[in-house]
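Residue numbers begin at 1 in each chain, while the letters A, B, ... track the order of the sequences.
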Amino acid sequence: MSATLAAPGLIDISATKKVPFTRLVGVELRKMADTRAGLWLLILIAAVTALIVTIFFLVSDADDRTFLNFMGATATPQGFLLPVLGILLITSEWGQRTGLTTFALTPSRSRIIWAKVAAALVLGFAAIVVAIGVAALATVVGGADDAWANIGLDDFAKFGLLQVSGVLQGLAFGLIFLNSAAAIVTFFILPTAFSIVASLWSALKDIAPWIDLGTSQVPLFSGVNLTGEEWGQVGTSSLIWIVLPFAVGLWRVLRAEVK
Amino acid sequence: MIKVERLTRKYGDFTAVNDISFVARPGRVTGFLGPNGAGKTTAMRVMVGLSAPTSGTATIGGHLYADIPNPGLHVGVLLDASAQHAGRTGREVLMLSAKTMGLPGKRVDEMLELVSLSPSEAKRRVRNYSLGMRQRLGIAHALLGDPQILILDEPANGLDPAGIRWMRGLLSGYAERGGTVLLSSHLLNEVQLIADDIVMIGQGRIVAQGTPESLISGSGTFVKAVEAAQLVEALKRDGIETRVVGDGFLTDAETLQVGKVAAANQITLVELRPADGSLEDLFLELTADHQRDDFTRGLA
């Protein structure tokens, strides 16, 4: 009871500052690492990144051991794990009901969600840095003669875009389901389900690059320059699978009761 | 001070909280008493902004909860001691909130000590905590920001008798220093032990409020007779209504009045006394219509 009572029963809040956004982001980052499940997921992401580069190093021909190939090899395993990280950042508040505490301490729910987005991006960038670091190490240790050739900023940008969109998709799926199991299962079976449906329904197959993230993102992996149309496809499919579920999920979280 | 004004919360057709108004004053412990499902938790959730009211308002110290910057420094909230991440240690649960509020780690250790959670217990994960330990952690959490107001939902639930006595000391000390405490309970004895004021709720409505003393006085007469049916008849002729409680009856009339009626009608009384000091009868009676179980089944 450090603050003085302004009038009987009234509390003086004029001297109390709002919690800065950076502090909320810090707390969200801490939440990701302070449980066994969360910590192991972070360790797993780093370990799998190192492992895949090592495997690629061992099985590839000497000429293929370029920095870009090493970095590219990490995209797929990280692409599986980073979305799970995004999902858990959101869903743990509901599954473990810690949302009661979180939203009592920060009544503005959108601030918490944006803090989680920022925390997920920080972790996503950290994963990218680890991938680049491990790839560089592998290249230094035993890269091909021209291992460092043809590296442009756009290579990093495309790799970064892939990983970041994975994290964001995880957040979006977490928001729309508010349940870890449902979000994770849906995230992993959706691409398969889509390709099954597309194989039966040819009309869908034709427009797949526009509406399927898995299809539209293929050029981002391959190291070629994307055409304007391909960028458009990345845009529309991201809109459908990232922006839309995120917006709907956010809208619901802002209105629904916190149980 | 917590001020609830004409607060209603509906879920579809179901009205969980129905037009309730009350004030929890600084310097006092206010007990929010009612059977399970009476609407206590819903009302508290609305107070701290986790549910939106259908109509009416709840203000905390003159402000809407959502308008309080860094609310943890002003209002301590414990809604559900089990709503913590099972995989976090007790200390970490407090650390996360301390970080959010901008408090040093030292404050966490002070609060752990205050609620008698030892350093080794604080290092254990919450999944391994008993309900009593979770409640202690929850109370430590509510007190973390040194708030002026406490809102505690069933804080004594799961505490042993010694724990309840400890909490009574803690909360009355807190209120003596000027704090406002609102705590809910479905157990009358608990509230009687701890609260200075009682707000009784049943089926979403407030059925009685006041100090325990004021709620007991004027609660009428308890009477038991051999010729029970005749007594009810006789009292009715004199315009005195009776309600069955246990194997006797409660009336609003004075003992003298009831005694006179009995004498005039040659009815053998086996018990005649002011409805007694325990709030229990009142609680059961007031909430009888609202109870899931019918407690008041008697002779008639």
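- In this structure, chain A has a heavy atom under 4.5 Å from the side chain of M95(B), while its backbone stays farther away.
- For the set M1(B), H141(B), R25(B), R88(B), the entry with the most heavy-atom pairs within less than 4.5 Å of chain A is R88(B).
- Counting heavy atoms from C-beta outward, I211(A) and S237(A) have side chains that stay 4.5 Å or more apart.
- Only the side chain of L24(A) comes within less than 4.5 Å of a heavy atom of chain B; its backbone N, CA, C and O stay farther away.
- Between F173(A) and F187(A), the two ring planes are perpendicular [angle over 60°; tilted spans 30° to 60°].
- For H85(B), the parts sitting under 4.5 Å from any heavy atom of chain A are the backbone and the side chain alike.
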Quick one, E92(B) with K123(B), criterion salt bridge (Lys or Arg N to Asp or Glu O under 4.0 Å). Give me CA distance, side-chain angles, the key distance, then yes/no. CA-CA 8 Å; E92(B) 177 62 18; K123(B) 275 186 210 136; over 6 Å; no
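- For R109(A), the part sitting under 4.5 Å from any heavy atom of chain B is the side chain, from C-beta outward, and nothing else.
- The aromatic rings of F22(B) and F32(B) sit tilted relative to each other, their planes meeting at an angle between 30° and 60°.
- Looking at R36(A), the atoms closer than 4.5 Å to chain B (heavy atoms on both sides) sit in the backbone and in the side chain alike.
- Taking the six-membered ring for Trp and the full ring otherwise, the centers of F159(A) and F221(A) sit at least 6.0 Å from each other.
- Neither the backbone nor the side chain of R28(B) comes within contact range of chain A; no heavy atom of the residue lies under 4.5 Å from a heavy atom of that chain.
- Cation-pi contact between R127(B) and Y129(B): absent, since separation from the ring centre below 6.0 Å together with deviation from the ring axis within 45° is not met.
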